[in-house]
Amino acid sequence: MTNLQSLEFFVPEIILVIIVIAALITDLFLKKSKTDLIGWVLGIGLIVVALSIINLRHVPPTTLFSDMIVIDPFSSFIKIVIILSTLLVIVASWNNHELNDYRKGEYFTIMGIMVIGLFLMSSSVDIIMLYISIEVVSIMSFVLAAYLKLDTRSNEAGLKYVIYGAFSSGVMLFGLSIVYGLAGSTNYFVIQESIAALDSPANPALVMGMLMIFAGFGYKISAVPFHFWTPDVYEGSPTTITAYLSVAPKAAGFAMIIRFFHQVFSDGHALSSNMIGITDIPWPEIIGVLAVVTMTMGNLVAIQQESIKRMLAYSSIAHAGYMMLALPVISIDAIEAIMIYLFVYLFMNLGAFFIVITVKNKTGGETFDDYKGLGWEMPFVGCVMTLFMLSLTGLPPTAGFVGKFYIFKTLVGAGNSYYWLVIAGGLNSVVSLYYYFHVVKVMFFDGKRSDKVIQPPVTMFGLLVVTAVPSLLLGLYWNPLISWVKESLVFYTQTL
């Protein structure tokens, strides 16, 4: 499809670009106290973008711009997840006191540019477009992490993010260049055909290239050993940005990994019922080991944290490990399980961070001590936080249980060789129970009971309801989600 023909199906991204430009220009004419209006501009624009994505659902999967990106139901699902998380974070940003001393126009505009990069990450089928989209997201993330210019922790977060990001991008680019050298093309499907025809002497170079590429991918999803940036960046960034980084880039990162590994290192028939690897490379075993190490490290270090925000950062690393458990299983069920997990994780994790924002607005702190007696002083906040902790642990009847259930179901159905991943995942869930319920203990059993009951501000109250209801409801009735995910399990594929 030519570039001009592609524009007809690139409407969501075009609308988003127009919205970002409009936000940038509008901000020039606003006083500092009125810059919340840019959030409205971006939010309404994202709703229009979501409607345009839904409007394109009848379009058969196809490539755009000379096979650089695709539109298919899978990418549409990921884009909706990104839009939902962005809308929730925009509303939370209006009520985050950390941002009161700063203009928010650039903040919301940069977030809009980041959404464009995330969209492209989920749709790329060319390694050049893949790299460009990752860099767009990374550079915008660097700026947002360091947005609190008067806060040394935020400055430190931005600097560390830049250093780790530059290193991982360089390593990934080296890996991509190796794959390009072996395949002679930047297109996923041409690369797949070329790799299938390679002789065994080329395998060491292919393994090296794949590991380097996964270093870049692992950086985006906070997988061990590419996670070092996560705790410090999450702790120093504005809490709304921490919440956003823990969900939206992670969703796009997993979409990117799924599309790359399952369409480059498979038999070329995406999501067939029994996909078989085309090389002798043991990448399922490699990813399985990384998944176990990631969730184990995340959970064990989370136990030692005194800051709730930093604890949730390590928790985010652990949840990346849980989702990675399904990656070694090359099947439609594995992709379905990851998609379900990403959707439920959106609500329970953002909800937990919104509690952190609410408490910090009230006390100015993020430590466990700031949560003592919170369940009695702010009973609604305490009860909702308990629900989020239950869901993040994966206990029924919460949405988190459904997410883990489908991950483990996939592994059990894949055969005996994956049982060790199920055992590792179960043990890690037990470990996570300790630090999640430590939050509940502190809120209800430590500190003094308060005779005065405080309710959160109306906007934050609404956000907590919006995130808490799906976290519970999807644990009781999840058939609509499963249906939507199954309808979205359609990838563009190409036989050369």
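For this chain, numbers begin at 1 and follow the sequence in order.
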Count the heavy atoms belonging to other residues, nucleotides or ligands that lie under 6.0 Å from [atom1] of [X], then report whether that count exceeds 12.
{"X": "Y419", "atom1": "OH", "value": "yes"}
{"X": "W40", "atom1": "CH2", "value": "no"}
{"X": "R153", "atom1": "CZ", "value": "yes"}
{"X": "K409", "atom1": "NZ", "value": "no"}

Open item on the list: N349 and side-chain hydrogen bond (donor to acceptor under 3.5 Å, both in side chains): which single residue from S246, S85, S391 fits?
Closed with: S246
Open item on the list: So if I apply the side-chain hydrogen bond (donor to acceptor under 3.5 Å, both in side chains) rule between K104 and each of D36, T35, N96, T109, which one comes out positive?
Closed with: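 Testing K104 for a side-chain hydrogen bond (donor to acceptor under 3.5 Å, both in side chains) against D36, T35, N96, T109 leaves exactly one candidate, D36.
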Open item on the list: How long is the straight-line distance from CG of L42 back to OG1 of T86, given to the nearest 0.5 Å?
Closed with: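 Going from the OG1 atom of T86 to the CG atom of L42 covers 7.5 Å.
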- [ ] Drop me the distance from N95's CG to I357's CD1, to the nearest 0.5 angstrom.
- [x] 8.5 Å
- [ ] Tell me, with the steps shown, if K360 and E366 meet salt bridge (Lys or Arg N to Asp or Glu O under 4.0 Å).
- [x] CA-CA 6 Å; K360 188 170 184 179; E366 302 166 346; 2.8 Å; yes
Keeping the roles fixed (side chain from [X], backbone from [Y]), state whether a donor-acceptor pair exists under 3.5 Å.
{"X": "K404", "Y": "G426", "value": "no"}
{"X": "R259", "Y": "F74", "value": "no"}
{"X": "N361", "Y": "H97", "value": "yes"}
{"X": "S138", "Y": "E135", "value": "no"}
{"X": "S123", "Y": "L120", "value": "no"}
{"X": "K79", "Y": "V115", "value": "no"}
{"X": "S52", "Y": "V49", "value": "yes"}
{"X": "T294", "Y": "G321", "value": "no"}
{"X": "T367", "Y": "I308", "value": "no"}

Open item on the list: Taking ring pair (Phe, Tyr, Trp, His ring centres under 6.0 Å) as the criterion, tell me which of Y131, F254, F217 meets it with F260.
Closed with: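 The option that passes is F217.
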Open item on the list: Consider ring pair (Phe, Tyr, Trp, His ring centres under 6.0 Å). Of Y164, Y161, F167, F142, which one does W229 pass it with?
Closed with: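 When ring pair (Phe, Tyr, Trp, His ring centres under 6.0 Å) is applied between W229 and each of Y164, Y161, F167, F142, only Y161 qualifies.
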Open item on the list: Looking only at the aromatic ring of each residue, does the gap between the centers of F461 and F380 stay below 6.0 angstrom?
Closed with: yes
Task: Aromatic centroids of Y322 and H319 separated by under 6.0 Å - done: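 Ring centroids of H319 and Y322 are less than 6.0 Å from each other.
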TODO: Using the six-membered ring wherever Trp is involved, compare the ring planes of F368 and H438 and label them parallel, tilted or perpendicular (cut-offs 30° and 60°).
DONE: tilted
Task: Test side chain to side chain donor-acceptor pair (under 3.5 Å) applied to N299 and Y434, step by step - done: CA-CA 9 Å; N299 284 322; Y434 174 83; over 6 Å; no
Task: Full working for side chain to side chain donor-acceptor pair (under 3.5 Å) between S316 and Y345 - done: CA-CA 10 Å; S316 177; Y345 180 72; 3.3 Å; yes
Task: F343 and its side-chain contact (heavy atoms from CB on, under 4.5 Å) partner, picked from L84, V485, I78 - done: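 Filter result, single survivor: L84.
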Open item on the list: Let's go through N428 and T296 carefully: what are the C-alpha distance in whole Å and the side-chain angles of both, what is the deciding distance for side chain to side chain donor-acceptor pair (under 3.5 Å) to 0.1 Å, and is it a yes or a no?
Closed with: CA-CA 6 Å; N428 270 277; T296 302; 3.2 Å; yes
Task: Check against side chain to side chain donor-acceptor pair (under 3.5 Å), Y436 and S315 - done: CA-CA 9 Å; Y436 285 134; S315 162; 2.3 Å; yes
Open item on the list: For the residue pair T230 / S222, report whether a side-chain donor-acceptor contact shorter than 3.5 Å exists.
Closed with: yes
